[in-house]
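One structure is given below, encoded as structure tokens.
All values below come from the heavy atoms of this structure, side chains included, with hydrogens, waters and symmetry mates left out.
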Amino acid sequence: MQSLDVKIINRSRHGLPTYATDGAAGLDVRAMLDEPVTLQPLQRVLVPTGLYMSIPVGYECQVRPRSGLAAKHGVTVANAPGTIDSDYRGEVKIILVNLSDSPFVINDGERIAQLVFARHERVEWIETDSLDATDRGAGGFGHTGLS
């Protein structure tokens with residue numbers, strides 16, 4: 001598998017984001033907090049990580065929820081997937097939201113999200129008066145009737 005070189009500054013007290021398993025697509029990223037933060041039901045919070053990156057042009061870093069936090073505690077990334085652009089140089093912060101009916105405490109060093117790097121293309125629009133026909137056509141949400 002090919003790797004991507006990404007420059008990173010780590011101003012946290014924790015190690016760099018890591019893959020939990022050999023087959024993992026996402027790197028676990030940790031909260032950098034001076035004290036625990038209690039996330040009330042339906043509350044959002046911006047959680048610092050102490051990380052700064054230089055992502056290569058042509059790539060983005062997607063911020064995705066951790067399935068364990070979502071399934072066990074109802075805590076997820078509010079703008080999932082969030083995008084960190086290649087020209088952003090500020091601290092990586094994660095927008096978490098508590099969708100459960102119970103408060104959730106975020107502790108320093110807790111794994112709060114995953115980072116997935118993805119290649120992307122730039123769009124060049126071609127204005128036209130018609131589009132190629134397909135079997136689906138303009139059929140929208142649920143138009144196939146399949147579950």
When you measure from the side chain of [X] to the backbone N and O of [Y], does any donor-acceptor pair fall under 3.5 Å?
X	Y	answer
Thr49	Lys93	no
Asn98	Leu39	yes
Thr83	Asp85	no
Glu60	Ala118	no

Provide the closest heavy-atom pair for [X] versus [Y] in the form atom of the first, atom of the second, distance.
X	Y	value
Tyr59	Ser86	O-CB, 3.8 Å
Gln114	Pro65	NE2-O, 3.1 Å
Phe104	Glu110	CZ-OE2, 3.4 Å
Leu33	Pro48	CD2-CD, 4.0 Å
Thr38	Pro103	CG2-CB, 3.9 Å
Val37	Val45	CG1-CG2, 4.1 Å

Is it true that Ser54 and Arg89 share a donor-acceptor pair across their side chains at a distance under 3.5 Å? yes
Is Arg44 atom CZ crowded by more than 12 heavy atoms from other residues, nucleotides or ligands, each under 6.0 Å away? no
Does some side-chain heavy atom of [Y] sit less than 4.5 Å from a side-chain heavy atom of [X]?
X	Y	value
Val77	Arg66	no
Leu42	Val97	no
Lys7	Met53	no

In terms of hydrophobic clustering (I, L, V, M, F, W, Y; side-chain heavy atoms under 4.5 Å; direct or indirect links), are [X] and [Y] co-clustered?
X	Y	answer
Val6	Val116	no
Ile112	Phe117	yes
Ile95	Val105	no
Leu96	Leu99	no

Can you tell me how far CG of Asp34 sits from CE of Met32, rounded to the nearest 0.5 angstrom?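 Met32 atom CE to Asp34 atom CG measures 6.5 Å (nearest 0.5 Å).
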Could you measure the distance from the OG1 atom of Thr76 to the CD1 atom of Ile94? Nearest 0.5 Å is fine.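 Answer rounded to 0.5 Å: 11.5 Å.
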